[in-house]
Amino acid sequence: MSDTFILNGKETPYTPGQMILEAAKVGGIEIPTLCYLKGSTPTGACRICLVEVKGARSLMAACSTPVTPGMEVFTETALVHQARKLNVELLLSSGTHNCLTCEANGNCRLQDLAYFYKITDLRFEEKAASDIYPKEDRNPLIVRDFSRCILCGRCVQACNEVMVNRAISQGYRGKESKIVTGGDLPYHESECVFCGQCVEVCPVGALTEKKAKGLGRPWEIKKIRTTCPYCGVGCQQWLHVKDGKIVKVTAVEDAQPNMGRLCVKGRFAYDFIYSEERLKTPLIREANGEFREASWDEALDLVAEKFKEIIKKDGPDAIAGVSCARSINEDSYQMQKFFRAVIGTNNIDHCART
Amino acid sequence: MDTKITVTIDGQEVSADPGQTILEAARSQGIYIPTLCHYSKTTNVGACRVCVVEVENARSYVASCCAPVTPGMVIRTNTPAIRAAQKMIIELLWSSGDHNCLTCEQNGACELQDLVYWLQIDKPRFPIEHHGYEMDNSNTMITRDLNKCILCGRCIRACNEIQVNEVLDFANRGSYAKVGPAFDADYIDSSCVFCGECAQVCPTGAITFKQAKFAGRPWELSKTRTTCAYCGVGCQIDLYTKDNKIVKVMGNRQYGPPNEGSLCVKGRFGMDFISHPDRISKPLIRHQKGEAFKEAAWDEAYAFIAQRLAAVKKEYGPDSIAGLSSARCTNEENYVFQKFLRGGIGTNNIDHCARL
Amino acid sequence: MIILVGTNITEAHPVASTFVKDAVLAGAKLIVIDPRRTDMVDFAEMHVPLKVGSDVALINGVMNVLIEENLYDKKYVDSCTEGFEELKKKVMEYPPERAAEISGIPADTIRELARKMASVKPAMLMYTLGITEHICGVNNVMSCANLQMLLGNVGVECGGVNPQRGQNNVQGACDMGALPNVFPGYQQVANADARAKFAKAWNVKSLPDKPGMMMPTMMKNLTTGKVKAFYVFGENLANTEPDIHHVERELQSAEFLVCQDIFPTETTRFAHVILPAAAWSENDGTFASSERRVNRVRAASVPPGDARPNWWIFKELAKRFGHEWQSSSAQEIWDNEISVLAPSMAGIKYARLENDGLQWPCPTEDHPGTPTLHKGGKFTRGLGMLKAIDYIPPAEVPDQEYPFVLSTGRRLYHYHTRTQTGRSAGINDLLGEETADISTADAEAKGISDGEKISVKSRRGEVVVKARVTKEVPPGLVWMAFHFREACANWLTNPVYDPVTQTAEYKACAVRIDKLR
Amino acid sequence: MTVAGLAATFGSGAMTNSIDELESTDLILATGTNTTENHPVIGAKVKRAVRRHGTKLIVIDPREIDLVKYADIWLRQKPGTDVAVFNGLMNVIIAEGLYDKEYVAGRTEGFEALKAVVAKYTPESVEKISGVPAEDLKKAARMYAQAGRASIIYAMGITQHITGTDNVKSTANLSMLCGNVGIEGGGVNPLRGQNNVQGACDMGALPNVYPAYQPVAGEDVRKKFEAAWKAALSPKPGLTLMEIMAAAGSGKIKALYVMGENPLLSDPDLQHVAKELQKLDLMIVQDIFLTETAQMADVVLPACAFAEKEGTFTNTERRVQRVRKALEPPGEARADWEIICGISSRMGYPMTYASAQEIFEEIRTVTPSYAGITYDRLEKEGLQWPCPTVSHSGTKFLHKDKFSRGLGLFTALEYIPPNELPDQEYPFLLSTGRVLYHYHTGTMTTRARGPVERCPESLVEIHPEDAGKLGIADGQKVRVTSRRGTVEVKARITEKSAPGSIFMNFHFTEAPVNFLTNPALDPTGKIPEYKVCAVKLEAA
């Protein structure tokens with residue numbers, strides 16, 4: 001077919017309109033990038049995805065250069081390598097990038113690239129502390145550390161093009177550049193609805209989750225995939241678990257139905273399960289009206305005995321039950337089975353209506 | 001027989017053995033006290049002082065790794081004052097050298113980093129000292145970057161007390177203090193025998209495994225515990241692998257015998273052969289004497305051998321066949337091999353190089 | 001094109017809303033039909049702020065235009081539906097002018113709306129509780145279906161009538177037969193064959209053939225004594241049901257109330273026995289999402305104290321009645337019982353759910369699942385049924401004494417009665433208390449300023465709550481949520497129900513608002 | 001050699017005690033072991049014992065090895081005079097009444113015969129044979145006898161002689177004489193050279209025994225294995241390695257199957273071995289590299305390296321430990337057991353194990369000392385056999401209260417000189433062994449960057465006196481010639497070996513020291529005399 005180009009010497013198919021980065025990925029070549037965010041307009045901001053295109057005067061950004069028929073692209077030449085390495089080094093000087101105190105340590109694309117390109121010292125001087133915007137962490141959920149920000153713009157893309165909450169944008173110019181909310185207000189005074197998608201896509205430690213701070217580094221964490229317990233969309237999540245405790249929730253990328261997105265509840269409202277107020281033992285009401293703790297055997301025996309009594313006296317239809325629209329299918333199944341098969345009534349319903 | 005004594009740690013009554021340090025007594029109860037210079041099976045030196053605790057009626061904070069418990073002692077490990085002291089100590093250690101994890105191979109497996117995280121230190125209060133030490137890149141096995149050294153002395157004790165190679169020691173004093181072989185020599189020019197124990201015990205990125213550099217971050221590696229393939233000691237080793245390659249080898253310290261975490265140069269640095277290009281990857285058959293080998297499929301090789309062995313056995317009897325088993329193969333393989341010769345061929349002509 | 005009816009999607013289903021917004025950015029047209037100026041209006045080509053509860057009239061008006069102006073999909077209607085003539089007859093009673101009178105939407109706007117709807121195909125209609133929480137909830141749903149069938153939008157990709165379920169596993173609870181009339185997989189209890197099948201599977205002689213009570217009936221019957229024992233699993237009825245004062249009297253009168261939950265709630269106060277349950281992240285199991293997708297839920301932490309998985313509690317209870325249930329994990333329950341008994345889920349097994357789940361119907365283990373129902377105009381029941389529907393006003397309409405309409409719903413930062421979100425650090429900081437949302441005009445007229453505490457009162461109760469003066473609500477409307485106990489809208493709401501589904505009319509009742517002295 | 005010597009004396013051939021015990025015992029006698037180079041981790045333990053626990057150390061070795069630095073007494077015997085030295089030690093101990101009389105009376109037999117023979121070996125006469133000063137010998141004897149718990153460790157320096165078995169028995173004699181066998185911290189402890197020598201022996205990869213040293217000649221044993229393996233078994237003990245080579249040369253052996261060994265670099269008198277192997281009709285080699293031996297084969301089968309398979313090794317202290325798969329094998333390489341099974345099955349003797357673990361389960365049923373060991377039990381630490389039942393916690397040291405054979409047997413032994421001693425034509429004594437940085441025939445370590453950096457090529461150690469006489473400088477190439485062959489190798493001038501003795505390693509195919517070595521065998525253990533042969537030396 002005619003729609004092919006030459007990728008590292010190999011004829012590779014592409015779909016018209018595809019950028020080099022995407023076409024290469026389909027062709028099995030992963031081109032490193034920091035700013036590229038799948039599904040949004042490429043910005044070419046980070047200059048890490050540079051590739052050599054035969055006949056072009058300079059290296060091209062693979063994320064924003066469309067493939068043309070027969071185009072010859074080289075992704076791994078010495079020149080490319082050198083340019084990418086230089087750009088990583090320049091990014092490293094854009095702020096303070098000492099991983100020692102960074103919550104993103106171990107989950108940082110910039111760090112990955114520095115390692116991949118075997119960078120052993122910082123060639124360029126870091127930005128002076130006085131030239132860096134102060135950290136913003138007055139809201140309860142998201143920490144914005146501008147000393148780590150590389151202005152790649154993924155958060156802006158995520159906010160405007162993915163979640164379309166339109167809360168942040170690129171602001172100011174040149175050395176003063178900053179990712180800002182409307183009026184450069186702190187997040188919690190802005191239009192932000194705290195979906196946290198900006199944190200999800202931040203490739204470095206500029207945007208981190210406040211609640212996860214200090215609870216565990218990425219390598220100490222086990223990821224468990226589950227389904228969100230809130231509305232009926234059924235978003236797929238990763239629970240980040242350390243020592244049996246959830247420390248953070250992120251979205252499962254490329255998974256139906258949410259395709260890597262979450263809302264404020266799904267992302268941040270997981271810790272209710274650790275509330276001290278949780279019911280921890282069966283409770284039985286005493287004659288004086290107060291509850292007392294009981295064993296499972298005692299509580300279940302009591303329920304069974306009372307139900308049997310009522311069935312005997314008033315028939316099974318004198319018992320009714322409401323199942324839970326939040327618990328798992330298997331629980332609802334068990335409950336209706338219990339009502340139908342054990343008690344002998346169809347008086348089983350649930351709050352589907354709210 | 002000594003009797004147990006009772007002390008109070010963080011309000012909890014704890015029974016301890018006389019002579020036990022506060023640190024040991026606390027850890028036996030699952031109470032966490034951070035340490036850096038402490039390394040089990042070596043002398044407690046109290047060098048880093050991260051393990052400080054409050055002891056009632058003591059005039060100052062006590063380094064728990066060195067202080068023995070005494071009856072009735074009341075110890076507190078987690079007061080705000082102790083945490084503040086620990087923060088101060090860690091910040092001082094941090095400022096004592098170049099501790100930027102971005103370019104450190106030890107990132108993710110650094111005990112100084114762990115404590116900075118654990119204590120939630122945001123930035124050091126003290127100016128960073130730049131020593132400008134040259135890296136010791138003299139050999140292919142161990143890299144030393146003294147700019148990341150916190151002078152905890154673990155490498156020295158490992159070298160002298162665990163391996164007893166007596167190569168490393170402190171030199172100079174005060175802020176010029178550094179660790180190394182005699183006459184501040186590079187490793188390659190010293191009496192070092194490259195057991196790598198110093199790199200294994202180093203809590204920071206000061207002494208690292210050179211061949212592991214840029215071969216994968218700690219969190220990208222898989223760890224498999226196995227038994228070393230060299231001499232008959234049977235050291236328990238942890239192979240750290242990435243992309244089907246061995247990145248580094250560490251002695252397994254989780255379980256005791258036989259090596260209790262130590263390794264020698266072969267076990268530590270002698271594993272390259274596994275992914276060496278010389279490895280045979282396909283059966284080879286020489287169909288006629290004098291001919292060159294030809295690559296073959298397994299089935300072909302099996303059939304060739306079976307048919308030829310059967311022919312020899314038929315013509316000359318089972319005792320015309322012999323097998324050399326291997327002292328390097330597993331028990332299961334030796335078992336299967338001798339069973340094959342005895343049960344399958346019908347000869348006891350089975351031996352191996354036990355005598356070498 | 002996307003048509004949103006009675007759904008504040010950015011707050012109630014935020015992630016779903018991002019896909020709608022993405023679609024708009026990519027060029028899709030959006031129509032929002034909602035009394036309130038919800039966030040999605042920013043993205044809409046047209047906002048139709050109809051009067052609360054006038055949905056049937058409006059839709060009938062739109063369909064009137066579609067038929068009058070010959071804009072409907074005749075081919076589809078002819079080949080895939082029945083009942084068109086009756087529908088047409090009924091719809092002819094709702095010329096735009098009449099619909100305008102009821103809905104408050106000008107006749108010309110209704111015409112424009114109809115033409116717009118007919119201009120793009122396919123169009124997807126999404127609704128939520130703004131449609132269902134009315135005494136005419138079923139009628140509203142059927143009207144939406146009528147409209148979409150008339151436009152030929154059912155059974156095509158990116159079309160259809162798509163309810164978004166309010167709670168994470170409403171779909172699953174229904175699928176599992178936690179309904180008075182059906183077994184798992186919607187097999188009728190009245191059907192003798194179904195009963196025989198389940199009786200055999202469950203190892204019992206017989207199963208009750210009479211459909212049971214729906215929840216409001218159960219609760220009513222607590223006071224009549226017809227229901228003696230009430231088993232409430234994971235629901236906080238004392239906050240979620242309309243007219244809390246009344247609900248509490250009902251719960252109070254239960255002879256024996258069992259509550260099974262993860263927290264003490266307003267409802268557990270009335271229990272005789274409380275059973276502590278394992279929470280979401282402490283269970284292995286499955287949820288079914290709005291789009292019928294069965295997804296895995298995985299255990300990531302251990303339950304506190306003695307709390308146990310719900311399925312275990314039921315199994316243990318059954319044992320005390322002499323029933324020994326075999327399955328002893330959620331997976332066994334699913335793989336060995338549910339998927340065996342519910343034909344639409346027969347092909348769904350845990351082993352197949354590792355990644356993106358499966359959408360039922362999925363009848364066999366090699367079936368890929370069903371993303372779009374009624375494909376190619378093939379309805380489950382054969383032909384799509386067009387139903388003639390009349391407008392009925394809400395049960396309680398404003399009058400002199402109670403001149404405002406109260407409508408209720410959810411807000412972004414909280415979920416249901418806040419048992420979960422209220423206990424998650426940071427979320428309360430984002431929204432710490434309930435407000436009564438009122439229009440600028442009403443606020444001015446009443447001299448109420450933003451943030452001021454006011455009284456909201458209905459025939460059933462009164463709450464004192466902060467006023468939130470906003471352009472989101474039209475004059476005459478008060479809008480509240482039911483997340484917070486003190487200022488819960490359900491102290492005020494009207495316990496009247498749709499006769500079929502017994503869904504309460506949360507969306508409309510009459511209230512008055514007063515400045516506090 | 002070890003199995004032959006110790007089995008005859010105690011009834012069981014293996015390290016009697018555990019590595020762990022070395023660190024806290026009262027005295028260690030190290031003989032014929034360059035521990036810090038060949039077993040560096042055990043070497044560290046010995047050094048730790050000396051430095052940190054006050055353990056006394058006696059080294060008996062012709063070379064000035066590293067451990068000498070740590071030793072209280074160093075006895076530098078002439079190579080091959082070990083029996084004399086040990087007899088001399090015992091002579092002193094018995095003469096001075098320092099032996100454990102109660103132990104000797106209660107737990108041993110053959111004391112009188114021993115006493116009679118060692119009486120001849122006075123320190124003075126031993127000095128004449130071995131060159132060890134009589135006074136030093138006396139001091140060492142007293143120190144050993146009075147130490148309390150004393151452990152003897154030895155390696156190839158003891159076994160690789162035509163008197164290897166006698167040497168081993170001598171160490172056993174000494175240990176029993178002072179009541180050191182069957183106690184913690186004591187014993188006679190051979191340090192095995194290869195990682196799984198112990199396991200290969202345990203598994204019956206020996207011509208005369210089935211797994212767990214059950215003799216093939218034993219009728220009952222054979223019946224048991226015939227039933228277990230469902231095959232008729234030969235009652236005739238097979239040939240040992242060196243005999244196999246000879247039989248190949250004489251045409252009695254037609255086919256040789258070699259699994260993971262490289263006899264063409266490791267066996268003595270290589271040129272002769274090569275000729276013998278050439279005569280085979282069929283040679284099959286299974287290995288991870290195309291070794292010298294593999295290059296001669298008719299079929300070469302690619303095997304998995306240790307990190308590419310599951311299984312167990314048994315270490316020198318009888319500890320069975322797990323080997324785990326960490327990597328995928330290259331190309332089509334397969335685990336050795338899988339290959340054997342494949343061939344066996346095709347030869348009409350089906351072996352169909354699904355995993356190493358399944359094989360181990362079978363091993364347990366026919367190997368009483370392994371019966372209690374399971375993979376599950378090996379998850380954490382290994383288990384030391386004997387471990388007869390699953391509730392048995394393994395055996396830290398052997399012969400507690402009772403020897404495997406009942407009473408410990410003293411063997412009265414006379415000194416026999418090595419088979420080939422220096423003479424005028426071949427005036428130097430060559431000893432061979434290993435260096436720290438390499439292993440065996442170098443297939444593994446010469447393919448590892450670090451070891452090669454430290455030790456890139458073979459060296460011959462020459463004493464400065466000899467070097468001076470011959471005009472050889474450090475680093476110069478020299479030619480070493482024996483009656484069997486010649487090799488060229490770089491000289492390393494060092495005082496490690498005594499004047500008149502030179503030392504070489506066998507790691508490098510470029511300088512195959514086994515061109516030179518003498519294939520004379522110990523009559524019982526059939527081990528060649530790698531440690532002594534006569535050579536001449538000249539600058540190349």
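Here is how names work: the chains are called A, B, and so on, in the same order as the sequence lines, proteins then strands, and each is numbered from 1. Just the heavy atoms: all of them, side chains too, but no hydrogens, waters or symmetry mates, feed the values below.
Between the side chains of B/Y335 and D/E362, at least one donor N or O lies within less than 3.5 Å of an accepting N or O. Between the side chains of B/N331 and D/T314, at least one donor N or O sits under 3.5 Å from an acceptor N or O. Between the side chains of D/E332 and B/S281, no donor N or O sits under 3.5 Å from an acceptor N or O.
Side-chain contact check for D/M347 versus B/I345: some heavy-atom pair is nearer than 4.5 Å. At a threshold of 4.5 Å between non-hydrogen side-chain atoms, the residues D/C201 and B/H352 count as touching. In this structure, the side chains of B/P257 and D/E381 come closer than 4.5 Å at one or more pairs of heavy atoms. Side-chain atoms of B/L324 and D/P263, non-hydrogen and from C-beta on, do get closer than 4.5 Å to each other.
With hydrogens and angles disregarded, a donor-acceptor distance shorter than 3.5 Å links the side chain of B/E333 to the backbone of D/D336. With hydrogens and angles disregarded, no donor-acceptor distance shorter than 3.5 Å links the side chain of D/R447 to the backbone of B/P277. In this structure a side-chain-to-backbone donor-acceptor pair under 3.5 Å is missing from D/R52 to B/I162. No donor-acceptor distance shorter than 3.5 angstrom exists from the side chain of D/T316 to the backbone of B/G232, with no hydrogens or angles considered.
For D/M351, the part lying near chain B is the side chain, with the backbone staying farther off; criterion is any non-hydrogen pair under 4.5 Å. Of the atoms belonging to D/K254, heavy atoms from both backbone and side chain fall under 4.5 Å from chain B. Contact annotation for D/I253: both backbone and side-chain heavy atoms come within less than 4.5 Å of a heavy atom of chain B. Heavy atoms of B/K294 lying under 4.5 Å from chain D are absent altogether. Residue D/V323 touches chain B through both its backbone and its side chain, counting heavy-atom pairs closer than 4.5 Å. Of the atoms belonging to D/A335, heavy atoms from both backbone and side chain fall under 4.5 Å from chain B. Residue contact with chain B, scored on non-hydrogen atoms closer than 4.5 Å, involves the side chain of D/R51 exclusively. For D/D20, the part sitting under 4.5 Å from any heavy atom of chain B is the side chain, from C-beta outward, and nothing else. No part of D/E226 comes within reach of chain B, as not one of its non-hydrogen atoms sits under 4.5 angstrom from that chain. In this structure, chain B has a heavy atom under 4.5 Å from the backbone of D/E338, while its side chain stays farther away. In this structure, no portion of D/M242 lies under 4.5 Å from any heavy atom of chain B. The part of D/A294 that comes within reach of chain B is its backbone (N, CA, C, O), which places non-hydrogen atoms under 4.5 angstrom from that chain.
With rounding to the nearest 0.5 angstrom, the CG atom of B/L309 is 5.5 Å from the CG atom of D/L282.
Classification of B/D299 and D/R346 as a salt-bridged pair holds, one side-chain N sitting under 4.0 Å from a carboxylate O. Between B/E166 and D/K47 there is no salt bridge, since no side-chain N of the basic residue sits under 4.0 Å from a carboxylate O of the acidic one. By the 4.0 Å N-to-carboxylate-O rule, D/R449 lies close enough to B/D272 to be salt-bridged with it. Salt bridge annotation for B/E161-D/R48: absent, with no cationic side-chain nitrogen under 4.0 angstrom from a carboxylate oxygen. A salt bridge is absent between D/K526 and B/D351: the closest approach of a Lys/Arg side-chain nitrogen to an acidic carboxylate oxygen does not fall below 4.0 angstrom.
Annotation for D/A333 and B/R279: closest pair CB-NH2, 4.4 Å, computed over non-hydrogen atoms.
Of the listed residues (D/K236, D/K230, D/Q198), the greatest number of heavy-atom pairs within a distance under 4.5 Å of chain B belongs to D/K236. Your options are D/D66, D/N38, D/I284, D/I19, and the one with the most heavy-atom pairs under 4.5 Å with chain B is D/I284. Per-residue counts of heavy-atom pairs under 4.5 Å with chain D were compared for B/P258, B/C264, B/S275; the largest is that of B/P258.
Taking the ring pair (Phe, Tyr, Trp, His ring centres under 6.0 Å) definition, one finds that D/F289 meets it with nothing, sequence neighbours left out.
B/K266 forms no cation-pi arrangement with D/Y439, by the criterion of a distance under 6.0 Å to the ring centre and an angle within 45° of the ring axis.
Aromatic pair D/Y257/B/F337: ring centres closer than 6.0 Å.
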